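See below for the structure under consideration.
Computed from heavy atoms alone, side chains included, the values below leave out hydrogens, waters and symmetry copies. Remember, predicted model here, so these are calculated numbers, not experimental data.
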Amino acid sequence: MDGIKYAVFTEKSIRLLGNNQYTSNVESGSTRTEIKHWVELFFGVKVIAMNSHRLPREGRKRGPIMGHTMQYRRMIITLQPGYSIPPLIEKRT
């Protein structure tokens, strides 16, 4: 479960919960098959589909130095009907 960072709770992700779709941020180096295997193994559910996109990097300025935040991928995981994942409330660092 090192690749999955934390669950995302936005208006869209809460709306997708009704379609049995769960949203979470994962490390950008993780592949879809790794994430699917981790979710199925850890939560004991069956994954039908996975969609992903890279989030835009945000600029951070500290004094005269300009930097960027770490880049993550956002995964939307669709489960078979009858399965569910308990919400991940804590932000994992």
Would you check, one step at a time, whether the test side chain to side chain contact (heavy atoms under 4.5 Å, CB included) holds for Val39 with Ile4? CA-CA 9 Å; Val39 169; Ile4 298 176; 3.8 Å; yes
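- Hydrophobic clustering keeps Leu16 apart from Phe9 (ILVMFWY residues linked when any side-chain heavy atoms are closer than 4.5 Å, directly or through intermediates).
- With sequence neighbours left out, the side-chain hydrogen bond (donor to acceptor under 3.5 Å, both in side chains) criterion links Arg54 to no other residue.
- Looking only at distances, no side-chain donor or acceptor of Arg74 sits under 3.5 Å from a matching main-chain atom of Leu55.
- Checking Val47, Val45, Ile48 one by one against Tyr83, the side-chain contact (heavy atoms from CB on, under 4.5 Å) holds for a single residue, Val45.
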Test log, rule side chain to side chain contact (heavy atoms under 4.5 Å, CB included), inputs Lys36 and Met75: CA-CA 10 Å; Lys36 180 179 178 179; Met75 300 291 289; over 6 Å; no
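- Here the NE2-CZ distance, from His53 to Arg73, works out to 10.5 Å after rounding to the nearest 0.5 Å.
- Under a hydrophobic-cluster definition in which Ile, Leu, Val, Met, Phe, Trp and Tyr are linked whenever side-chain heavy atoms come within less than 4.5 Å, directly or via other members, Leu79 and Met50 are assigned to the same cluster.
- Side-chain atoms of Ser13 come within 3.5 Å of backbone N or O of Val8 as a donor-acceptor pair.
- Between Tyr22 and Ile76, the closest side-chain pair of non-hydrogen atoms is not below 4.5 Å.
- In the displayed structure, Gln80 atom CD is contacted under 6.0 Å by more than 12 heavy atoms of other residues, nucleotides or ligands.
- A distance of 6.0 Å separates OG1 of Thr78 from CG of Asn51, quoted to the nearest 0.5 Å.
- Counting all heavy atoms, side chain and backbone alike, Ile77 lies closest to Ser24 at CD1-OG, 4.4 Å.
- Rounded to the nearest 0.5 Å, atoms CD1 (Ile85) and CG (Leu17) are 9.5 Å apart.
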